[in-house]
Student: 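This is the structure I want to talk about, given as structure tokens.
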Number of protein chains: 2
Amino acid sequence: MALARGPDNVRVEDIAAAAGVSPRTYNNYFSSREQAVVAAVVGDRAAQVAAAVVSRPAEVGVADAVIDAVVALYSDSDDHPRDALLMIANSAVLRACYVDTITMIEGPLTDAVIERCDRIGRLTAQVLSASVGAAAKIAVRQWLQTTSAPPSMPGFVVPSGSLPDLVRAALTPLAPAFDAATTHSARRPPGA
Amino acid sequence: MALARGPDNVRVEDIAAAAGVSPRTYNNYFSSREQAVVAAVVGDRAAQVAAAVVSRPAEVGVADAVIDAVVALYSDSDDHPRDALLMIANSAVLRACYVDTITMIEGPLTDAVIERCDRIGRLTAQVLSASVGAAAKIAVRQWLQTTSAPPSMPGFVVPSGSLPDLVRAALTPLAPAFDAATTHSARRPPGA
DNA sequence: GCAGAATATTGCGTGCACGCAATATTGCGT
DNA sequence: ACGCAATATTGCGTGCACGCAATATTCTGC
């Protein structure tokens, strides 16, 4: 719908009507118009991540399990049609909203991390999950910005390069933190 | 001003008038009313962090330098008067906005990290800085939520416990990532 | 099947964020 | 000092987010 008419030509009234509810009710579920649009594109990230994390074989470490799961999230292109991503890439607000979507995986990710290694502290798991989210945000943001010439004609942003690769590169620096969290060395072994 | 009259009794018009500008101009500088209130309380975090990071002695590693700097941010209580924090803690929107403030330190922090160890990749520095931000957010959010009973009377949230300690605890799991980023082991030495 | 509770939906009213285009202001070169 | 360009400020108009309270709907125990 936003694809057909352009994101700015979709009024809240339209979305509500399409959903068969009042505009006010729509607002009970989406805190902004852009969020509704993005949600329609990405679906339920939380469920995907949960599934992805549990589907990793038990032998691999937490770090790799998490990294693979998140990378997989941005590899399956079925949920992310080219044109939809293009539209998102061309609107600053949609970009921001799309990036914020990543936050929603942090909760489930925390649970998954705790489940995979139950000796880990809750706070640590939260921090690591949030870090993963932050890293993913950076990767996606950077990817969306690829040649995002703001001044110009709509429809000129051309996301290119491998998003999965970029995501993996962004997540890799965090692997040592996961490793350290699972093998409880007090901290800072290099000197001693 | 928000302290005296309550956060909800401050209209944009008032803020603008107090600043001696038109309401529209106020909106060019603050994207929301809450942001203006919070900004008035916290001042310029970016500057503080930059100063804090450079003021660490050169001998200490990046990890400790960063952690100490961020912890220091939440130790100096001069900028964070008790009553102001109480007000923020009691409003969901203000809480969120206050937590989001942390994001503003990521840019300067990235620069500082790169400066301290120039062999580090830009992406890695960004990821680590964002992770620090994410961890700090968790700590602050958790601290603000201490006994934050939503249903009840205004002024009943009592933030307690040591925020600096909580921040440090949240940041500590990230130290190994910093260590690994500075000493370039390819990754995953435990096996080989 | 029914009363009553719990929950979801809706309308209304209020302030607000923000694009746009006009106007005021600052800064620079000569 | 002057004019010009870059930048900051302002008014206006439009949709919108959201609190609140009334209403419709679904969920229980009996």
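For the numbers below, each heavy atom of this structure counts, side chains included, while hydrogens, waters and symmetry mates do not.
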Student: Looking at side-chain heavy atoms only, is the closest gap between A:Leu73 and A:Arg45 below 4.5 Å?
Tutor: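 Counting from C-beta outward, A:Leu73 and A:Arg45 do come under 4.5 Å.
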
Student: Watson-Crick or G-U wobble partner for C:dG27, using a 3.5 Å limit on both distances?
Tutor: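 By the stated definition (distances under 3.5 Å), D:dC4 pairs with C:dG27.
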
Student: Figure out the CZ/C1' separation between B:Arg33 and C:dT14, and round it to whole Å.
Tutor: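 It is 11 Å, rounded to the nearest whole Å.
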
Student: Less than 4.0 angstrom between a side-chain N/O of B:Ser31 and OP1 or OP2 of C:dA17, yes or no?
Tutor: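 Checking C:dA17 against B:Ser31, no side-chain N or O comes under 4.0 Å of OP1 or OP2.
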
Student: Considering every strand and a 4.0 Å limit on heavy-atom distances, what is the contact class for A:Phe30: base, sugar-phosphate, or nothing?
Tutor: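 Contact class for A:Phe30: none.
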
Student: If you check the B:Val21 side chain, which of C:dT10, C:dC16, D:dT10 turns out closest?
Tutor: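 Nearest to the side-chain atoms of B:Val21, counting from C-beta on, is D:dT10.
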
Student: Atom CG of B:Asn28 to atom C1' of C:dC16: distance rounded to whole Å?
Tutor: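 Atom-to-atom, B:Asn28 to C:dC16, this comes out as 14 Å.
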
Student: Report yes if at least one side-chain N or O of A:Tyr29 is closer than 4.0 Å to OP1 or OP2 of C:dA8; otherwise report no.
Tutor: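 Checking A:Tyr29 against C:dA8: no side-chain N or O falls below 4.0 Å of OP1 or OP2.
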
Student: Roughly how many Å is it from CD in B:Gln35 to P in C:dC18, rounded to a whole number?
Tutor: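 My rounded result for the distance is 9 Å.
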
Student: Send over the distance from B:Asn27 CG to D:dG13 P, rounded to a whole Å.
Tutor: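 The distance from CG of B:Asn27 to P of D:dG13 comes to 17 Å, rounded to the nearest Å.
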
Student: To the nearest Å, how far apart are B:Asn9 CG and D:dG19 C1'?
Tutor: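 Distance check: B:Asn9 CG to D:dG19 C1' gives 14 Å.
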
Student: State, yes or no, whether a side-chain contact exists between A:Arg33 and A:Asp8 at a heavy-atom distance under 4.5 Å.
Tutor: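 Contact flag for A:Arg33/A:Asp8 side chains = yes.
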
Student: Across the strands shown, which category fits B:Tyr26 at heavy-atom distances under 4.0 angstrom: base, sugar-phosphate, nothing?
Tutor: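 Sugar-phosphate: the residue B:Tyr26, judged by heavy atoms under 4.0 Å, touches backbone atoms but no base.
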
Student: Regarding B:Arg24 and the six-membered ring of B:Tyr29, is the cationic atom NZ or CZ under 6.0 Å from the ring centre and inside 45° of its axis?
Tutor: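 No, B:Arg24 does not lie over the aromatic ring of B:Tyr29.
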
Student: Can you work out whether B:Val12 or A:Pro23 has the more 5'-proximal nearest nucleotide on DNA chain C?
Tutor: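 First, find each residue's nearest nucleotide; the 5'-ward one identifies A:Pro23.
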
Student: DNA chain D: B:Val93 or A:Glu13, which has the more 5' nearest nucleotide?
Tutor: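 Checking each residue's closest nucleotide, the 5'-ward one belongs to A:Glu13.
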
Student: Give a yes/no answer on whether the side chain of A:Ser22 brings an N or O atom under 4.0 Å of OP1 or OP2 in C:dT10.
Tutor: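 Yes, because at least one side-chain N or O of A:Ser22 sits under 4.0 Å from OP1 or OP2 of C:dT10.
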
Student: Within the distance-only criterion (no hydrogens, no angle test), does the side chain of B:Asp64 pair as donor or acceptor with the backbone N or O of B:Val60 below 3.5 angstrom?
Tutor: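 No: the side chain of B:Asp64 does not pair with the backbone of B:Val60.
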
Student: To the nearest Å, give me how far apart CG (B:Asp8) and P (C:dT14) are.
Tutor: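 Result: 16 Å.
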
Student: In this structure, how many angstroms lie between the P atom of C:dA17 and the CZ atom of B:Arg24, rounded?
Tutor: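 Rounded to whole Å, this separation is 10 Å.
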
Student: The side chain of A:Arg11 is closest to which nucleotide in this list: D:dT9, D:dG15, D:dA17?
Tutor: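 Among the listed nucleotides, the one closest to the side chain of A:Arg11 is D:dG15.
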
Student: What's the separation between atom CD1 in A:Ile102 and atom OH in A:Tyr74, rounded to the nearest 0.5 Å?
Tutor: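 The OH atom of A:Tyr74 is 3.5 Å from CD1 of A:Ile102, to the nearest 0.5 Å.
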
